[in-house]
S.K.: 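My structure is below; once you've seen it, I'll send some questions.
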Amino acid sequence: MKYAPELKRSATIALWLILLTFPIMVIQVNTIENIVVWRWMNIAGVGTVAFVLSFLWQIYQHRKTESPLPVSAHLPAFQRLLADPKLYRPMLIFIAAFALVFPFTASHYQINIMSTALIYIMLGLGLNIEVGLAGLLDLGYVAFYAVGAYSYALLNYHFGLGFWTLLPAGALLAAFFGILVGFPVLRLRGDYLAIVTLAFAEILRLVLENWNALSFGPSGISNIPRPGLFGIELTLEQSAVYMYFLLIALCLLTIFVIYRLQHSRIGRAWVALREDELACQAMGIDKTRAKLTAFALGATWAGMAGVLFAAKTTFINPASFTFMESAMILAIVVLGGMGSIVGVIIAALAIILLPEYLRVLGDYRMLLFGAALIGMMVFRPRGLITPSSRTYVFQPSEHQERT
Amino acid sequence: MNYFWDLFLGGLTRGSIYALIALGYTMVYGILQLINFAHGEIYMIAAFTALIVASILTMQGLTGFSVLILAGVIAILYAAAYGFTVEKIAYKPLRQASRLSPLISAIGMSIFLQNYVMLAQTSDFLPFPNLLPQSEFLDSISAWIGPSDFIIIVTSSVVMIALSLLLKFTKMGRAMRATAQDREMAMLTGVSVNRIISRTFIIGSALAAIGGLLIASHVGRINFYIGFNAGIKAFTAAVLGGIGSIPGAMLGGLVLGLAESFGTGYISSDYESVFAFTILILILILKPDGILGRSSQQKV
Amino acid sequence: MDLILDIKNLTMNFGGLKALDGVNLHIRQGEIAALIGPNGAGKTTLFNCLTGIYAPSSGDILLYQPGAKPKRLNGLKINTITSLGVARTFQNIRLFGGMTVLENVMIGRHARSKSGILGAIFRPPATRVEEKAIVDKSYAILEYIDLAPYVNELAKNLPYGAQRRLEIARALATEPRLLLLDEPAAGMNPQETRELEGLLVRLQADHELSILLIEHDMKLVMNLARNIFVLDYGEEIARGTPLEIRHNPAVIKAYLGEEADAEIG
Ligand SMILES: Nc1ncnc2c1ncn2[C@@H]1O[C@H](COP(=O)(O)OP(=O)(O)OP(=O)(O)O)[C@@H](O)[C@H]1O
Ligand SMILES: [Mg+2]
C-alpha cells in the first residue's frame with residue numbers, strides 16, 4: 001500500500017476528532033423536559049469528513065516536500081493572466097460588457113446582491129490603504145462605515161439634505177472621525193492599535209444602540225431616501241439599477257484614486273512604513289503624518305460606502321456595524337493579497353457573492369465560511385494575488401561605462 | 001457605602017473571570033504574537049460541555065459536589081483538547097506566514113466554532129444549573145458577600161497563584177518564559193518550541209474553561225455567542241495590563257471588571273462595555289505598553 | 001577647517017547602564033572620521049542619539065549649517081534630522097525588503113520632494129516633473145554606486161554586499177551633508193571591502209561629504225579616516241590620527257581585552 005502511513009495517521013486524526021466533538025455533536029440535552037437525545041449518526045459524519053480531509057492534507061504535504069515547485073510556477077494562472085496585456089485586455093472588455101448588461105438580465109434580487117458586493121469592494125479598497133499599504137491593523141474599520149451611514153440618515157432626517165450633498169459630507173465626516181481617533185492612537189504599535197480601533201468601533205456602536213435621542217437606538221432609522229436622478233420618479237426596480245450603476249461608477253473612481261495613490265510619493269511612503277517603520281523615518285518620512293493620512297483616507301472611503309449603504313437599503317440600525325463586519329472587510333483585504341487592487345476586488349466578490357449564492361447550504365453557510373477562511377490562509381497565506389512591483393526601464397548612461 | 005461594596009464585589013467577581021480568560025490570550029500572545037480570536041470560543045465550548053455532562057449526571061440522580069467536580073474536570077479536559085487541536089489546524093501551518101494570516105485564520109476559527117456549536121446544539125439560550133456548592137460557611141458570610149462571588153474570587157485567585165508558581169518554578173514554566181522572551185534563542189538552547197506552543201494553548205484553554213464554568217454558573221444561562229463578548233473583554237484586559245505579561249493580565253482583568261461595575265452602578269447600566277473600552281483607550285494613551293507592559297524601546 | 005558636527009559631553013543611560021558617558025566628538029566639513037571600539041562600546045548608540053532614535057540623557061549635539069547658527073539636534077524627530085542633512089545606514093541591514101532596489105532609493109528622495117495627496121490623485125505637471133526627477137535621480141545614484149543592474153530586483157533578493165551598498169545609496173538619496181555609516185564592510189569579502197573603500201573615497205571627493213564611519217575592519221579605518229575616535233564602555237579612551245591610534249596603549253589594551261580583532265593596523 002503506497003499510502004499506508006498516511007491512512008493510518010488519518011484514521012488516528014479522525015478518531016481524535018470524533019472523541020473531541022463527541023459531547024457537542026452527539027449529545028443534546030433538554031434540561032426543561034429532562035431528556036437526552038443521542039445522535040450517534042453524527043459520529044459517522046465527523047469521522048468521514050475528518051478522515052478524508054486529513055488524508056488529502058497529508059498527500060498535499062507529501063507532494064509539496066517531494067517536488068517543491070519553482071517560484072514562477074507558483075504564480076497562479078490568473079496572476080500570469082494579469083501580467084500579459086494580450087490576455088487581460090479582452091478580459092477587461094468582457095468584464096465591462098458583463099457589468100453593463102448584467103442589470104438588464106438579472107433579477108432585482110441579484111442586482112441588489114451585486115450592489116452589496118460593489119459596496120464591499122469600496123470598503124475593501126479603503127481598508128487596503130490602511131492595512132495593505134500602510135500596515136496599520138485596523139479592527140474597527142466598520143466605525144467609519146457607520147459614521148458615513150448615520151451621517152446620511154440623520155442629516156437627511158433632521159435637515160432634509162439630499163444624497164448628493166451628503167455623499168461628500170459623509171465621506172468628510174468619516175475622515176474627520178478618522179483623524180480624531182487616529183491622532184491619539186496612531187503611536188501605539190501593531191496589535192495595540194488593533195484593539196484600540198476595535199474599542200472605538202464598539203463604543204460607537206454601543207452609543208448608537210443606546211442613545212435613542214440621537215440615533216433612534218436599536219430600532220434604527222428607516223425610510224432613508226434613495227439617491228435622486230434629476231427629480232425623476234423611479235420604480236423600485238429602476239432605482240436598484242440606478243444604484244448599481246452609481247456604485248459601478250464610484251468603484252471605478254475608487255480604483256482610479258487608489259491606483260494613483262499607490263503609485264505616488266505618498267503610496268511609496270506607506271509601503272516603506274509597513275516594511276520598516278524606523279528605517280522609513282530615517283529616510284525623512286514623518287511617521288505620524290503618513291499614518292494619519294492613510295487612516296483618514298481609508299476612513300473617507302468607508303464613509304462614502306456608508307452613505308451608499310444607507311441609501312441602498314433605506315434602513316440602517318447598529319446591528320449592521322458589528323465587529324463581524326470589520327472582520328469581514330479585513331478578510332477581504334488579506335484574502336485578496338495585501339496591497340493588491342485586483343486581489344481585493346476578487347476577494348470582495350467572492351466573500352459577498354459566494355455565501356449569497358450558497359444559500360442552498362442554508363445554515364451551514366457561515367460554518368463553511370469560517371472553514372474557508374482557515375483553508376485559504378493555510379494554503380495561500382499571502383492571499384490570492386501577490387502585488388507585483390513596478391518595473392522601470394532605463395537607458396544605461398555614460399556613468400555606467402566607467403565601471 | 002453598602003452599594004459601593006456591592007459594586008466593588010461585583011467588579012471583583014467579573015474581573016477575576018476576565019483575568020482567567022485573559023491569561024490564555026496573554027500567554028499565546030507572548031509566544032506567538034497572535035491575537036487568538038478563537039480563545040473565547042473555547043470558553044463557550046467548555047460551558048456547553050459542562051452543561052451537557054452536568055445535565056446527564058443530574059438526570060442520573062447525582063447531586064452537589066460530585067456533579068461539579070465531574071462536569072468541571074471533563075469540561076476542562078475538553079477545552080484543553082480543543083485548544084490543542086485548534087492550534088494544530090489553524091495556526092501551526094502558518095508559523096512562517098506574515099502576522100495577519102494567522103489572525104484571519106483565528107477569526108475564521110472563531111466563526112467556525114460558533115456556528116458549529118449553534119448547529120450541533122441550539123441557537124437559543126440554555127439554562128445553566130448552579131453547580132457552585134452550598135455550605136453553612138457560605139451562608140454565614142452571605143451578609144456581606146454572595147456565595148458565588150466568594151467562590152469565583154477564591155477559585156480564580158487560587159488558579160492564578162498556581163499558574164504563577166508553575167511558570168516560576170517548573171522546568172516547563174521556565175521553558176515557556178524563555179520561548180516568550182526570544183523564540184530563536186530558546187530553540188537554540190534545546191527547547192522544543194512546538195511542544196511549548198501546544199502546552200501554552202492547553203493551559204490557556206484550561207484556564208478559560210474554569211472561567212467559563214464559573215461565569216455560566218453565576219449567570220445561569222449560556223448560548224453559542226457568549227464566547228465572543230467575553231473574548232473581546234478578556235483580550236481588552238490582557239492589553240490593558242500589558243500584553244504578554246501574566247500579572248498584567250490579572251491586573252487588567254480586575255481593572256476592567258471594576259470599571260464596568262462602577263460605571264454601570266453609578267453612571268448608566270446601558271453602557272457597560274463602553275466603560276471598559278474607554279478605560280482601555282485612556283490607559284493606552286497614557287501608557288502605550290499597558291499597565292505592567294515592558295517598555296518597547298527597541299534596540300537598533 | 002570648519003566643523004560640521006560637534007558633540008559635547010553626550011551621555012545616554014539605559015536604566016542603570018551608561019551606554020555613553022560624557023562623549024565628545026567633532027567632525028570637520030568634508031572629512032572622513034571613524035568611530036571604533038570593542039563590541040558593546042556604545043558606537044551604535046551614539047549614532048542612534050545623533051539621528052533622533054534615542055533621546056540622549058544629557059549633553060549637546062550640534063550640527064553646523066552653512067550661513068546659519070548651529071542647530072541642536074537633541075530631541076528632534078528622526079525625520080527632521082534627516083531633512084537637516086544627516087543620513088545613516090544600519091548595522092543590521094534595514095532595507096525595505098519587499099520593495100525594489102529603485103524604490104528603496106526613491107524613498108530616500110521623500111525628504112527632498114513634496115507632492116501630496118491631491119498631487120498623487122490629479123497628477124498635475126508639477127507632480128509629474130517631480131516624480132520623473134525622483135526616478136532619474138535615484139537611478140543616477142544606483143549607477144554611481146554600481147547597483148544599476150539590480151534596479152528592478154527586490155531588495156531582499158540582493159547579495160549581502162549589495163544590500164550594504166544599497167543602504168548607502170538610499171542614505172545618499174536624502175542628500176546628506178553628513179553621512180553616518182554603521183559597519184558598512186561587515187560581512188563583505190576582501191574584494192567587496194576594497195570596492196567599498198574606493199566608493200567612500202569617491203563619495204567624499206565628488207560630493208564634499210562628511211562621513212563618520214563605524215567599522216571593525218581596521219585596515220579600512222586606517223586607510224580612510226583622518227581622525228579616529230575610540231570608545232570603550234561608553235567612554236572616549238583615545239582620539240587622533242591613524243598613526244597615533246595605532247600606537248596608543250589604551251587602545252591596544254581595550255582591544256586586547258577582548259580576544260578577537262586583536263591586531264590593530
Ligand atoms: N535600547 C537599548 N536598551 C538597553 N540597552 C541598550 C540599548 N541599546 C544599546 N544598549 C546597550 O548599550 C551598550 C552599547 O551598545 P551599542 O549597540 O551601542 O554597541 P556597539 O558599540 O555598537 O557594539 P557593536 O560593535 O557590537 O555593534 C550595550 O551594552 C547594549 O546592550
Ligand atoms: Mg553597533
Side-chain angles (χ1 to χ4, degrees), chain A residues 16-17 19-21 23-25 27-32 34-36 39 42 131 137 184-185 187-192 194-196 198-200 202-203 206-207 209-210 278 323-324 327 330-331 333-335 338 363-378 381-383, chain B residues 29 33 35 45 48-49 51-53 55-56 59 74 78 81-82 85 89-90 93-94 97-105 107-122 126-127 129 232 235-236 239 243 270-271 273-274 277-278 280-281 284-285 288-290 296 298 300:
Chain A
W16 170 256
L17 286 177
L19 277 177
L20 188 68
T21 54
I24 305 274
M25 288 301 287
I27 313 173
Q28 193 164 35
V29 291
N30 185 330
T31 41
I32 298 162
N34 270 338
I35 3 178
V36 185
R39 301 162 299 174
N42 286 348
V131 183
L137 182 48
V185 306
R187 69 201 179 97
L188 298 175
R189 68 194 157 92
D191 298 301
Y192 286 72
I195 188 73
V196 168
L198 191 158
F200 265 112
E202 281 292 292
I203 291 178
L206 290 164
V207 168
E209 207 152 81
N210 290 300
L278 194 96
F323 169 71
M324 261 321 289
L330 183 66
V333 175
V334 179
L335 278 185
M338 307 247 295
D363 296 336
Y364 291 91
R365 217 161 54 101
M366 287 312 282
L367 185 83
L368 292 176
F369 177 67
L373 283 185
I374 303 171
M376 266 304 296
M377 285 300 104
V378 170
R382 300 171 60 86
Chain B
Y29 189 91
Q33 278 77 48
I35 307 175
I45 286 174
F48 266 89
T49 310
L51 172 67
I52 289 167
V53 175
S55 306
I56 292 179
M59 282 175 214
I74 294 179
Y78 259 95
Y82 268 93
T85 312
I89 293 177
L94 289 170
S98 83
R99 302 249 326 258
L100 272 180
S101 308
L103 182 74
I104 297 295
S105 186
I107 291 174
M109 186 49 92
S110 158
I111 295 174
F112 180 87
L113 290 177
Q114 271 176 34
N115 283 274
Y116 152 72
V117 172
M118 182 190 85
L119 292 170
Q121 294 288 318
T122 170
L126 291 177
I232 295 256
F235 181 61
T236 305
V239 173
I243 193 145
D270 291 337
Y271 291 97
S273 305
V274 172
F277 292 132
T278 310
L280 171 82
I281 292 169
L284 283 189
I285 287 174
D289 294 296
S296 61
Q298 57 170 333
V300 180

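Here the structure is a predicted model, which means the values were calculated and not measured. Labels below follow one simple rule: chain letters A, B, ... track the order of the sequence lines, proteins then strands, and each chain is numbered from 1.
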S.K.: Strictly distance-based, threshold 3.5 Å: is any side-chain N or O of B:Tyr78 a donor or acceptor partner for the main-chain N or O of A:Leu20?
M.R.: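 Side chain of B:Tyr78 to backbone of A:Leu20: no pair is present.
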S.K.: Is B:Met109 in contact with chain A via its backbone, its side chain, both, or neither, using a 4.5 Å heavy-atom distance?
M.R.: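 Both backbone and side chain.
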S.K.: How long is the straight-line distance from OG of B:Ser98 back to CE of A:Met377, given to the nearest 0.5 Å?
M.R.: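 Answer for the CE-OG pair, A:Met377 versus B:Ser98, is 8.5 Å.
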S.K.: Is there a side chain to side chain contact (heavy atoms under 4.5 Å, CB included) between A:Leu198 and B:Phe235? Walk through the geometry before answering.
M.R.: CA-CA 11 Å; A:Leu198 191 158; B:Phe235 181 61; over 6 Å; no
S.K.: Provide the closest heavy-atom pair for B:Ile52 versus A:Val29 in the form atom of the first, atom of the second, distance.
M.R.: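 What the structure gives for the nearest pair is O-CG1, 4.1 Å.
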S.K.: Does B:Ile285 reach the side chain of A:Leu188, with side-chain heavy atoms less than 4.5 Å apart?
M.R.: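 Side chain of B:Ile285 against side chain of A:Leu188, heavy atoms only: no contact under 4.5 Å found.
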S.K.: So for A:Leu335, is it side chain, backbone, both, or neither that comes closer than 4.5 Å to the heavy atoms of chain B?
M.R.: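 For A:Leu335, there is no contact with chain B at all, as no heavy atom is under 4.5 Å.
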S.K.: Under a 4.5 Å heavy-atom cutoff, which of B:Thr85, B:Thr49, B:Leu51 has the most pairs with chain A?
M.R.: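 Counting heavy-atom pairs under 4.5 Å, the top option is B:Thr85.
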S.K.: Using modelled atom types and a 3.5 Å cut-off, is there a donor and acceptor pairing between side-chain atoms of B:Gln121 and backbone atoms of A:Ile27?
M.R.: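 A pair under 3.5 Å: yes.
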S.K.: Could you tell me which non-hydrogen atom of A:Arg39 sits nearest to which non-hydrogen atom of B:Ala120, and how far apart they are?
M.R.: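 Shortest heavy-atom separation between A:Arg39 and B:Ala120 comes out as NH1-O, 2.7 Å.
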S.K.: Under a 4.5 Å cutoff for heavy-atom pairs, which residue among A:Val131, A:Leu137, A:Leu368 has the most contacts with chain B?
M.R.: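 Option with the greatest count: A:Leu137.
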S.K.: Could you tell me which portion of B:Ser110 (side chain, backbone, both or neither) has an atom closer than 4.5 angstrom to a non-hydrogen atom of chain A?
M.R.: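 For B:Ser110, neither part sits under 4.5 Å from chain A.
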S.K.: Are the side chain of A:Tyr364 and the backbone N or O of B:Asn115 linked by a donor-acceptor pair below 3.5 Å?
M.R.: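 Checking the backbone N and O of B:Asn115 against the side chain of A:Tyr364, no donor-acceptor pair under 3.5 Å is found.
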S.K.: Of the listed residues (A:Leu330, A:Leu19, A:Ile374), which shares the most heavy-atom pairs with chain B below a 4.5 Å separation?
M.R.: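 The residue among A:Leu330, A:Leu19, A:Ile374 with the greatest pair count is A:Ile374.
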S.K.: Closest approach of B:Tyr82 and A:Thr21, non-hydrogen atoms and distance?
M.R.: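 Reported closest heavy-atom pair: OH-CA, 3.6 Å.
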S.K.: Looking at A:Pro381 and B:Leu94, what are the two nearest heavy atoms and their distance?
M.R.: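 Heavy atoms only, the tightest pair is CB-CD2, 3.7 Å.
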S.K.: After noting the C-alpha distance and the side-chain angles of B:Val274 and A:Asn210, does the key distance pass the side chain to side chain contact (heavy atoms under 4.5 Å, CB included) rule?
M.R.: CA-CA 11 Å; B:Val274 172; A:Asn210 290 300; 6.0 Å; no
S.K.: Can you tell which of B:Leu113, B:Val117, B:Ile56 has the highest number of heavy-atom pairs within less than 4.5 Å of chain A?
M.R.: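 With the most close heavy-atom pairs to chain A, the winner is B:Ile56.
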S.K.: Got a donor-acceptor contact below 3.5 angstrom from the A:Arg382 side chain to the B:Ala97 backbone?
M.R.: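 Side chain of A:Arg382 to backbone of B:Ala97: no pair is present.
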S.K.: State, to 0.1 Å, how close A:Tyr192 and B:Ile243 come at their nearest heavy-atom pair, and which atoms those are.
M.R.: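 Scanning both residues, the minimum pair turns out to be OH-N, 3.2 Å.
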S.K.: Can you tell which part of B:Pro127 gets under 4.5 Å to a heavy atom of chain A, answering side chain, backbone, both or neither?
M.R.: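 Looking at B:Pro127, backbone and side chain both touch chain A.
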S.K.: Given heavy-atom pairs under 4.5 angstrom as the criterion, report whether the side chain, backbone, both or neither of B:Ser273 touches chain A.
M.R.: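 Answer is both: backbone and side chain atoms of B:Ser273 are under 4.5 Å from chain A.
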S.K.: Testing the basics here: between B:Leu284 and A:Arg187, what is the closest heavy-atom pair and its distance to 0.1 Å?
M.R.: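 Looking at all heavy atoms of both residues, the closest pair is O-NH2, 4.4 Å.
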S.K.: Top residue by heavy-atom pair count (under 4.5 Å) with chain B, among A:Glu209, A:Gln28, A:Met366, A:Met376?
M.R.: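 Most heavy-atom pairs under 4.5 Å with chain B: A:Met366.
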S.K.: Go through the atoms of B:Leu280 and report whether side chain, backbone, both or neither lie under 4.5 Å from a heavy atom of chain A.
M.R.: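 Side chain only.
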S.K.: From B:Gln114 CD over to A:Leu367 CG, what is the distance, rounded to the nearest 0.5 angstrom?
M.R.: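 CG of A:Leu367 is found 11.0 Å from CD of B:Gln114.
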S.K.: For A:Ile195 and B:Phe277: C-alpha separation, side-chain torsions, deciding distance, then whether side chain to side chain contact (heavy atoms under 4.5 Å, CB included) applies.
M.R.: CA-CA 9 Å; A:Ile195 188 73; B:Phe277 292 132; 5.7 Å; no
S.K.: Side chain, backbone, both or neither: which part of A:Asn30 has an atom under 4.5 Å from a heavy atom of chain B?
M.R.: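 Interface part for A:Asn30: backbone (N, CA, C, O).
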S.K.: Just so I understand: if I count every heavy-atom pair under 4.5 Å between each of B:Ile35, B:Leu126, B:Ile107 and chain A, which residue has the most?
M.R.: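 Result: the option with the highest number of such pairs is B:Ile35.
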S.K.: Please flag which part of A:Val378 lies under 4.5 Å from any non-hydrogen atom of chain B: side chain, backbone, both or neither.
M.R.: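 A:Val378 touches chain B through backbone and side-chain heavy atoms alike.
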